[in-house]
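Since the structure comes first, as structure tokens, the remarks are kept for the end.
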Amino acid sequence: QVQLVESGGGLVQAGGSLRLSCAASGRTFSSYTMGWFRQVPGKEREFVAAMRWGSGTTYYADSVKDRFIISRDNAKNTVYLQMNSLKPEDTAVYYCAARTSGGSYRNDYKYWGQGTQVTVSS
């Protein structure tokens, strides 16, 4: 059973940084794609970033490119989202997700974490 547990959310001022963690268990994730998504109440869930675990290839939404960095720690089976230069519009619940690789990095994720709130004050 795949489990994804996010942590690291919180309240930060605009221009600040936060690092989210996603501890993954229940599989060998080398053949998986790991994604970060976010959602604001009343809006659709939005793709933020993804990484092909095996190759390390990364993908970013235009809105976070050059500010956010997705990375992994193989030994800890953990994926990170380093968020820099945060803006109030980055405020959302952030979710970690996993899918088998081979398809789109934006869609069809099967496994989801519970989410962690990120609030950026102006």
dist Ser63:OG -> Asp90:CG (nearest 0.5 Å) comes out at 7.5 Å
Could you see if Leu86 belongs to whatever hydrophobic cluster contains Trp36? Use Ile, Leu, Val, Met, Phe, Trp, Tyr and a side-chain cutoff under 4.5 Å.
yes
Verify, without hydrogens or angle tests, whether Arg52 (side chain) and Thr57 (backbone) share a donor-acceptor contact under 3.5 angstrom.
no
Checking Arg19 side chain against Gly8 main chain: does a donor-acceptor pair fall under 3.5 Å?
no
Following the transitive rule for hydrophobic clusters with a side-chain heavy-atom cut-off under 4.5 Å over Ile, Leu, Val, Met, Phe, Trp and Tyr, establish whether Tyr94 and Val12 coincide in one cluster.
yes
Atom CD of Glu89: over 12 foreign heavy atoms under 6.0 Å:
yes
Give the minimum heavy-atom separation between Ser55 and Arg72, together with the two atoms involved.
C-NH2, 4.4 Å
For Pro88 and Ala14, which heavy atoms make the closest approach, and how far apart are they?
CD-CB, 4.1 Å
Does Tyr60 reach the main-chain N or O of Ile70 with its side chain, forming a donor-acceptor pair under 3.5 Å?
yes
Min side-chain heavy-atom separation Val64-Arg38 under 4.5 Å:
yes
If hydrophobic clusters are built from ILVMFWY residues whose side chains come within less than 4.5 Å, do Leu4 and Tyr109 share one?
no
Where Thr91 and Val120 come nearest, the two heavy atoms and their spacing
OG1-N, 2.8 Å
Does a side-chain heavy-atom distance below 4.5 Å link Phe29 with Asn74?
no
Would you say the side-chain atoms of Ser31 and Ser101 include a donor-acceptor pair closer than 3.5 Å?
no
List in chain and number order the residues that pass salt bridge (charged side-chain N to carboxylate O under 4.0 Å, His left out) with Lys65, two or more places apart in sequence or in another chain; answer none if no residue qualifies.
Asp62
Nearest heavy-atom approach of Gly9 to Leu20 is N-CD2, 3.6 Å
Got a second to check how far Lys87's NZ is from Ser122's OG, nearest 0.5 Å?
14.0 Å
Residue pair Ala92 / Gln117: nearest heavy atoms and the distance that separates them:
O-NE2, 3.4 Å
Grouping I, L, V, M, F, W and Y whenever their side-chain heavy atoms are under 4.5 Å apart, do Phe37 and Tyr111 come out in a common cluster?
no
Quick one: are Val79 and Met51 in side-chain contact, heavy atoms under 4.5 Å?
no
Donor-acceptor pair, Asn77 side chain versus Ser25 backbone, under 3.5 Å?
no
When rounded to the nearest 0.5 angstrom, what distance separates OG in Ser7 from CD in Gln114?
8.5 Å
Could you measure the distance from the OG1 atom of Thr33 to the CG atom of Asn107? Nearest 0.5 Å is fine.
11.5 Å
So, taking the atom named OG1 in Thr58 and the one named CD1 in Ile69, what distance separates them when rounded to the nearest 0.5 Å?
9.5 Å
Main chain of Arg106, side chain of Ser104: is a donor-acceptor contact present, judged purely on distance under 3.5 Å?
yes
When the ring planes of Tyr95 and Trp112 are compared, do they come out parallel, tilted or perpendicular, using 30° and 60° as the limits?
perpendicular
Glu6 versus Cys96, closest heavy-atom pair with distance:
OE2-N, 2.7 Å
Hydrophobic clustering (ILVMFWY, side-chain heavy atoms < 4.5 Å, transitive) - are Phe68 and Met34 grouped together?
yes
